[in-house]
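Taking it in order: structure first as structure tokens, then the write-up.
For ligands, and for the atoms within them, numbers begin at 1 and follow the listed sequence.
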Amino acid sequence: MIETKLHDDVLEIVLANAPVNALGAGVRFALSQAIENAQTDVHVRVIVIRGAGKLFSGGADITEFDQPPTGCTLPAVIDAIEASSKPVVAAIHGMALGGGLEIALGCHYRLATRTAKLGLPEVSLGILPGAGGTQRLPRLVGLEAALDMIVSGSPVSASKALEIGLVNQLIDEQGLAANAIAYARTIDAPRRTRDRRVSSDAGAFERFAAANARKIKDLDAPKACIAAIKASVDLPFDEGQALERELFAELVAGAQSTALRHAFFAERAAGKVLGLAKETPRRPITKIGVIGAGTMGGGISMNFLSAGIGVTIVDMTGEALERGVGLMRANYEASARKGRLSSEQVKEAMDLLTPTLDFDALEDCDLIIEAVYENMAVKKEIFARLDDIAKPGAILASNTSYLSIDEIASVTNRPADVLGLHFFSPANVMKLVEVVRGAKTADDVLATGMSIARTIGKVPVVARVCYGFIGNRMLIPRQDNAYAMLLEGATPEQIDRVHTDFGMPMGPLQMIDLAGVDIGWHRDTDRVESLQDALCAAGRWGQKTKAGFYDYDDKRKPTPSPVVAEIIDDFRNRAGLKRRAISDDEIVARTLYTMVNEGAKILEEDIAQRASDIDVVWLYGYGWPRHKGGPMFWADQIGLATVVQGLERYAARIGEDFSIASLLSRRAVDGGSLEK
Ligand code: 3HC
């Protein structure tokens, strides 16, 4: 748990609890013992605390939050460190996060290596720094910097930490222990952060809350963080810390923190493929081929270019290629204007791109991703051609959103090398990649697909083959019911409001407008058989035509459209339907519970490995509000019986072929959860 070593008069304490030196009960106990013993040990004059392995500490052990507290608490251990009569120095390398940084704040001096990152990310777990962080950080770095760090949860670099006074000195990582010990020898006396005062100008908190109102919205943790930091100004240290403790206990027991912690572990679980040995080899990937220079192909390419991996991009016509490359450049330049990239970085990325009309140029690529439009015949033709061109061992991937990877793979002589890599639009921004495992996909191909996705900063989730895989399959009932309810009497605004009030970034109809109302529309016929046909025939193709379910201005701001209301009325009359009032409750059941139901079928059919994988798909692919954990977690929280009752209430209206997943019915009765 910890290791201690005496170097003449300097006691070195090393936190050693792989993989992230989390501060579980064992570490806390050992650390408090070591500090206590050092007080009476005549050989010890100064103490150095550092972390073993690749970091100082990742903070409190999050897995303990659901259990009753055991042993000495972290605040008590840190208070004992601060109270030490012998000076204590923290030597930080890698990361000091959460309770890890709070230990360092309790120390009298702090050193950091140049590459270290220091942060209090508790807010992203729906809690606040609960071991004195909200009281000590403002005392050390001032109100403004403390508010920024604690409420955003984002770590700062070592150089920033030095600038704001969070660390006293930067040291070399090489010989970390020796450097820290040498520094410690220069220290005479303890210097306690609790003894400092925080100054504040009137209105600082109100200004901060107003500037961050949109981000904070209905989240509990940032509000509690601000309240606790305010106490560091208004109250003596001990009273401030008592308030911090109280707020921490409230938050950790609350629904938002439970959901956010679920999201943390769900994301890590999703990275683990069941039945795939950890030591499964990865194929080396140094050169990528992308087929199709449209929006998706371009976005996909940018991920690799930004990660320093060369991309050969192929399209059919010079015009398409030029347009695609131009768009990529424009996207990079926009990032540069926002200060996210330097102009050298833009140049470096674009220099790694080889645009060509020559398919044969893909012959030396290790991974080739097809990103042309959704048409099985076209995709088959491309894969048959790739089979001739690609080198042996190359991985052949399709970015299809719906189609069968098995059918695509069947036209090659190497179906084991084929898999789906389904990126989400805009592909250079959205973090999700569904890694689709075909019936014949080889283990090392799957493992390589997962790891290359991580290399480019994505969150990969494995899915098996079905129409729409995980995410888009769940969209189908939501979308069908949204369309149906418009005809029955709801307005686009009402349906979308239910979703945005829930916390989604946009509602189902706003999302159709963004993606394109014309997706899947059979433009070659003149028949107007559906609302979609009627909108498309009227040129209302969504944001791209500035008109879809809504009218859009130049800034893409939607306003309700009287034309759409008329089209819907007209369609309703033609269908012989009578308009009725639709309750928000019905919208929830028909667009959210139906998604949960489809998710349960996806689990039953083994398309997804775990319920939490489905949650990760929705968190990272569709902007499901993180503090609601994902659709499957949310369903468990509100109760599966509630979901089933809602579905039963509207079953006749949900759809002709509608059925409740047997997994959902069973668990609703036995009180179990959707997590397998
Ligand atoms: N507690 C328990 N387990 C943790 C943990 C923590 N604080 N941090 C990481 N782990 C686990 C992960 O679940 C994972 O387990 P697995 O291998 O079984 O899936 C393993 O450690 C490795 O984690 P990562 O895969 O995330 O490793 P990385 O090297 O990619 O990242 C990290 C390391 C940046 C430290 C990242 O793990 C992280 O961000 N951890 C959480 C940091 C955090 O939020 N700390 C605050 C905790 S709350 C707190 O301190 C409260 C205090 O104020 C009282």
Side-chain angles (χ1 to χ4, degrees), residues 1 15 17-28 31 51-67 69-79 81 92-106 115-137 146 149-156 221 224-225 228-229 241 244-253 257-258 260-274 278 450-451 453-455 457-460 609-610 612-613 616 626:
M1 294 280 125
L15 308 171
N17 185 20
V20 300
N21 299 329
L23 307 166
V27 175
R28 297 197 302 272
L31 183 56
K54 61 178 186 177
L55 80 174
F56 183 80
S57 168
D61 184 340
I62 307 167
T63 59
E64 284 183 356
F65 288 178
D66 290 323
Q67 297 152 18
T70 45
C72 47
T73 67
L74 191 58
V77 179
I78 295 174
D79 285 349
I81 292 173
I92 297 166
H93 78 296
M95 294 210 170
L97 297 179
L101 182 58
E102 289 174 297
I103 289 195
L105 290 169
T115 51
K117 289 214 158 30
L118 299 84
L120 293 172
E122 284 88 343
V123 73
S124 49
L125 296 170
I127 51 175
L128 49 58
T134 64
Q135 304 307 297
R136 289 193 179 93
L137 189 66
M149 274 182 76
I150 294 174
V151 178
S152 76
S154 308
V156 295
C225 287
I229 297 168
Q241 204 175 13
E244 176 194 271
R245 234 19 237 165
E246 214 175 282
L247 291 169
F248 181 89
E250 263 171 41
L251 289 173
V252 86
S257 174
T258 314
L260 288 161
R261 282 181 276 134
H262 166 77
F264 177 85
F265 288 114
E267 183 182 332
R268 279 152 184 84
K272 295 175 184 111
V273 182
L274 299 174
K278 223 178 161 187
M450 295 293 285
S451 83
R454 267 194 297 270
T455 303
K458 300 292 181 191
V459 177
Q609 306 187 101
R610 335 171 165 85
S612 63
D613 280 15
V616 174
R626 203 172 164 88

Quick one: look up the protein heavy atom nearest [atom] and list residue, atom name and how far away it is.
{"atom": "atom 3 (N) of ligand 1", "result": "Asp61 OD1, 4.3 Å"}
{"atom": "atom 34 (C) of ligand 1", "result": "Met95 SD, 3.7 Å"}
{"atom": "atom 24 (P) of ligand 1", "result": "Arg268 NE, 3.6 Å"}
{"atom": "atom 19 (O) of ligand 1", "result": "Lys272 NZ, 2.5 Å"}
{"atom": "atom 7 (N) of ligand 1", "result": "Ala60 O, 2.8 Å"}
{"atom": "atom 40 (N) of ligand 1", "result": "Phe264 CZ, 3.6 Å"}
{"atom": "atom 21 (O) of ligand 1", "result": "Pro19 CG, 3.5 Å"}
{"atom": "atom 33 (C) of ligand 1", "result": "Val20 CG1, 4.0 Å"}

For residues [X] and [Y], report the shortest heavy-atom separation together with the two atoms involved.
{"X": "Phe265", "Y": "Thr63", "result": "CZ-CG2, 3.8 Å"}
{"X": "Leu251", "Y": "Ala224", "result": "CD1-CB, 3.7 Å"}
{"X": "Cys72", "Y": "Val77", "result": "SG-CG2, 3.9 Å"}

Quiz question for you: does at least one protein heavy atom lie closer than 4.0 Å to [atom]?
{"atom": "atom 9 (C) of ligand 1", "result": "yes"}
{"atom": "atom 26 (O) of ligand 1", "result": "yes"}
{"atom": "atom 51 (C) of ligand 1", "result": "yes"}
{"atom": "atom 29 (O) of ligand 1", "result": "yes"}

With respect to [X], determine whether any N or O atom, backbone or side chain, lies less than 3.5 Å from an N or O atom of ligand 1.
{"X": "Gly98", "value": "no"}
{"X": "Ile62", "value": "yes"}
{"X": "Gly58", "value": "yes"}

Could you see which bit of Leu125 sits under 4.0 Å from ligand 1, with heavy atoms only: side chain, backbone, both or neither? side chain
Pairing residues for Arg261 by the salt bridge (Lys or Arg N to Asp or Glu O under 4.0 Å) criterion, not counting sequence neighbours: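 Listed in chain order: Asp66.
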What do you reckon, does Gly133 put a non-hydrogen atom under 4.0 Å from ligand 1? no
Hey, what do you get for CD (Gln241) to CG (Asp79), rounding to the nearest 0.5 Å?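 Reported value, rounded in 0.5 Å steps: 4.5 Å.
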Within the side chain of Arg28, is there an N or O that forms a donor-acceptor pair under 3.5 Å with the backbone of Ala60?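 Such a contact is absent between Arg28 side chain and Ala60 backbone.
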If you look only at distance, which donor and acceptor atoms sit under 3.5 Å apart when one is on a side chain in residues 115-132 and the other is two or more places apart or in another chain?
residue: Thr115; atom: OG1; partner: Glu173; partner atom: OE1; Å: 3.4
residue: Ser124; atom: OG; partner: Pro121; partner atom: O; Å: 2.6

